[in-house]
**Q** 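Handing you this structure, nothing more for now.
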Amino acid sequence: MRIRKKELIESDVSHGTPDFPLFVHEDIFVYRNGIVNPHWHNEFEILYMERGIGMFYVDGYEYKLGEGEYLFVNSGSIHSGMELVRKSVGYAIVFDLRLLYSEEPDYCKHEYFLPLINKRYYIPTNINDENIRENILKIIEAFREKDYGYELYIKSLLFDTFWRVFKYYAKKQNQDGRLGYKIDRIKDLLSYINQNYNKNLSLDELSKQVDMSKFYLCRLFKESLKMSPVEYINKVRIDKAMELLINTDMSISEIAFECGFNNISYFIKVFRNYMHTTPLKFRKQNL
């Protein structure tokens, strides 16, 4: 199984450049064997399925996308996904909303985009609008081709998309303190795990980090991410192991211990369950 070396779509990844903060991630399922791990970022995101079927989870809600369907992910939302059909192809258009307004007095900034950023308005995740779908396809094509002036063209398509969104679909946000609390606690946990994946993480330790019981912690993970804390920890560790297998000459045992596995046999077992191959075969296939 050949894995393409590509930038991961994570909360600490830069999307685009400072002067054009937009990036189109192609073939989002290819890197992790059909899985996009739970993550979040401050940028807005549009997911589009070109081929196959994908299942996506956004702030604990489940959305199934077929060919030609798309999904809006509001900034700060925890989201993840997986392909339901092998060799599905999906795209993620990730961009900073500041791309669409200036820092000078700007009516559109204060009337539309800041209320969206500040959660006073929200865009429904699942919208079915043919004009918006065509705009998404044009954005993907323009970013891939990068003909002269493509930045202007993409911005014009985004403006048209948001005009349609605000005219027909955007809604005032009803504040739900409980949902906000849950999302914040999950973000705290994901950040802690990603910073300490190479340590001996236990449910006791994680529950202390967010001041909640182990029972509620596991329930929160299941409701929000559709997986257990242990499953998420293993996913993070295997992701780090994949990077080390591709980019370093470290031995399999060194990588196992570096990624928080105290038992090499268990590391190989988890890696095989996740990637359907062994660490050694994975390295050879990605030389």
Side-chain angles (χ1 to χ4, degrees), residues 8-12 28-29 32-47 49 53-66 69-84 88 90 92 94 116 118-127 171-197 199 201-239 260 270 273-274:
L8 307 185
I9 309 174
E10 296 294 353
S11 53
D12 59 351
I28 58 175
F29 297 113
R32 296 187 179 95
N33 200 35
I35 296 173
V36 178
N37 279 347
H39 65 285
W40 78 95
H41 39 69
N42 292 326
E43 293 87 354
F44 199 87
E45 182 168 340
I46 304 173
L47 292 162
M49 288 299 299
I53 303 173
M55 183 68 76
F56 296 92
Y57 304 95
V58 182
D59 289 339
Y61 292 95
E62 186 177 282
Y63 302 93
K64 186 177 181 180
L65 296 187
E69 294 183 323
Y70 58 90
L71 201 64
F72 286 108
V73 181
N74 289 285
S75 61
S77 291
I78 300 174
H79 51 292
S80 59
M82 61 184 296
E83 62 179 6
L84 298 183
S88 293
V94 186
L116 184 61
N118 295 328
K119 313 297 183 185
R120 296 200 297 272
Y121 278 87
Y122 80 100
I123 296 175
T125 302
N126 207 1
I127 294 175
K171 300 177 181 179
K172 285 190 175 181
Q173 180 80 284
N174 294 319
Q175 296 294 331
D176 187 342
R178 291 173 299 175
L179 177 60
Y181 173 81
K182 289 180 179 180
I183 292 174
D184 287 343
R185 295 292 72 74
I186 284 291
K187 287 180 178 179
D188 291 341
L189 285 165
L190 299 190
S191 294
Y192 184 79
I193 291 170
N194 277 272
Q195 293 168 8
N196 298 277
Y197 65 90
K199 299 177 182 177
L201 296 175
S202 66
L203 287 179
D204 285 327
E205 183 179 353
L206 293 178
S207 62
K208 289 178 182 177
Q209 288 296 319
V210 290
D211 192 25
M212 65 175 60
S213 69
K214 290 185 288 185
F215 172 79
Y216 188 72
L217 174 83
C218 294
R219 178 181 170 185
L220 189 60
F221 259 79
K222 282 290 187 182
E223 288 180 351
S224 302
L225 306 182
K226 310 304 179 185
M227 66 179 69
S228 70
V230 173
E231 287 176 304
Y232 181 77
I233 292 169
N234 282 338
K235 286 178 181 294
V236 171
R237 288 173 170 170
I238 294 302
D239 279 347
V270 173
N273 288 340
Y274 188 42

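Sequence positions, counted from 1, serve as the residue numbers for this chain.
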**Q** Work out which heavy atom in Ile28 is nearest to a heavy atom in Val36; give both atom names and the distance.
**A** O-CG2, 3.7 Å
**Q** Any donor-acceptor pair under 3.5 Å linking the side chain of Ser224 with the backbone of Phe221?
**A** no
**Q** Side chains of Glu45 and Ser75: does their closest heavy-atom pair fall under 4.5 Å?
**A**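 No, side chains not in contact.
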**Q** With a 4.5 Å limit on heavy-atom distance, are the side chains of Leu189 and Leu217 in contact?
**A** yes
**Q** With the side chain counted from C-beta on, respond yes when Ile35 and Lys235 share a heavy-atom pair under 4.5 Å apart, and no when they do not.
**A**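 Of all side-chain heavy-atom pairs linking Lys235 with Ile35, at least one is under 4.5 Å.
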**Q** Shortest non-hydrogen contact from Ser207 to Lys214?
**A** OG-CG, 3.9 Å
**Q** Would you please test Tyr232 and Ile186 for side-chain contact (heavy atoms from CB on, under 4.5 Å) and show each step?
**A** CA-CA 12 Å; Tyr232 181 77; Ile186 284 291; over 6 Å; no
**Q** Checking Lys208 now: which residues fulfil salt bridge (charged side-chain N to carboxylate O under 4.0 Å, His left out) with it, not counting sequence neighbours?
**A** none
**Q** Sequence neighbours excluded, which residues qualify as side-chain contact (heavy atoms from CB on, under 4.5 Å) partners of Glu69?
**A** Leu65
**Q** What class does the angle between the rings of Phe56 and Phe29 fall in, given that below 30° is parallel, 30 to 60° is tilted and above 60° is perpendicular?
**A** tilted
**Q** When rounded to the nearest 0.5 angstrom, what distance separates NZ in Lys64 from CG in Asn126?
**A** 13.0 Å
**Q** Parallel, tilted or perpendicular: which one describes the rings of His41 and His39, with boundaries at 30° and 60°?
**A**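 Correct class here is tilted.
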**Q** Drop me the distance from Leu116's CG to Ile123's CD1, to the nearest 0.5 angstrom.
**A** 4.5 Å
**Q** With rounding to the nearest 0.5 Å, note down the distance linking CE in Met82 to CG in Leu84.
**A** 6.0 Å
**Q** Identify, with sequence neighbours excluded, every residue that meets side-chain contact (heavy atoms from CB on, under 4.5 Å) alongside Ser228.
**A**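 Listed in chain order: Lys222, Val230, Glu231.
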**Q** Does some side-chain heavy atom of Asp188 sit less than 4.5 Å from a side-chain heavy atom of Gln209?
**A**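 Sidechains of Asp188 and Gln209: no contact.
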**Q** Can you find a pair of side-chain heavy atoms, one from Leu206 and one from Ile193, that are under 4.5 Å apart?
**A** yes
**Q** Using 0.5 Å steps for rounding, measure from the NZ atom of Lys226 to the OG atom of Ser80.
**A**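 If we round to the nearest 0.5 Å, Lys226:NZ and Ser80:OG are 9.5 Å apart.
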**Q** To check you understand the geometry: which heavy-atom pair defines the closest contact between Met49 and Gly66, and what is its length?
**A**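 For Met49 versus Gly66, the nearest heavy atoms are CB-O, 3.3 Å.
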**Q** What distance separates Leu190 CG from Leu225 CG, expressed to the nearest 0.5 Å?
**A** 5.5 Å
**Q** Could you work out, with salt bridge (charged side-chain N to carboxylate O under 4.0 Å, His left out) as the rule, every residue matching Asp211, not counting sequence neighbours?
**A** none
**Q** With distance as the sole test, does Ser88 use its side chain to make a donor-acceptor pair with the main-chain N or O of Ile53 at under 3.5 Å?
**A** yes
**Q** Could you check if a side-chain atom of Tyr57 sits within less than 4.5 angstrom of a side-chain atom of Tyr63, using non-hydrogen atoms only?
**A**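 Contact flag for Tyr57/Tyr63 side chains = no.
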**Q** For a 4.5 angstrom cut-off between non-hydrogen side-chain atoms, does Asp239 reach Tyr197?
**A** no
**Q** List in chain and number order the residues that pass side-chain contact (heavy atoms from CB on, under 4.5 Å) with Ser77, two or more places apart in sequence or in another chain; answer none if no residue qualifies.
**A** Val58, Asp59, Val73, Asn74
**Q** What is the minimum heavy-atom distance between His79 and Trp40, and which atoms define it?
**A** CE1-CA, 4.1 Å
**Q** Look at atom CG of Asn42 and say whether more than 12 heavy atoms of other residues, nucleotides or ligands are closer to it than 6.0 Å.
**A**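 Atom CG in Asn42 is not packed in, count stays at 12 or less.
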**Q** When rounded to the nearest 0.5 angstrom, what is the spacing between CE in Met212 and CZ in Arg185?
**A**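 The distance works out to 6.5 Å.
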**Q** State, to 0.1 Å, how close Gly76 and Lys187 come at their nearest heavy-atom pair, and which atoms those are.
**A**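 Smallest interatomic distance, heavy atoms only, reads O-NZ, 2.7 Å.
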**Q** Just jot down the side-chain contact (heavy atoms from CB on, under 4.5 Å) partners of Glu205, sequence neighbours excluded, or say none.
**A** Tyr192, Leu201, Ser202
**Q** Report the C-alpha distance between Phe72 and Leu47 in whole Å, list the side-chain angles of each, state the deciding distance to 0.1 Å, and finish with yes or no for side-chain contact (heavy atoms from CB on, under 4.5 Å).
**A** CA-CA 6 Å; Phe72 286 108; Leu47 292 162; over 6 Å; no
**Q** Find out whether Lys172 and Tyr121 are in side-chain contact, i.e. whether some heavy atom of one side chain is under 4.5 Å from a heavy atom of the other.
**A**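 Of all side-chain heavy-atom pairs linking Tyr121 with Lys172, at least one is under 4.5 Å.
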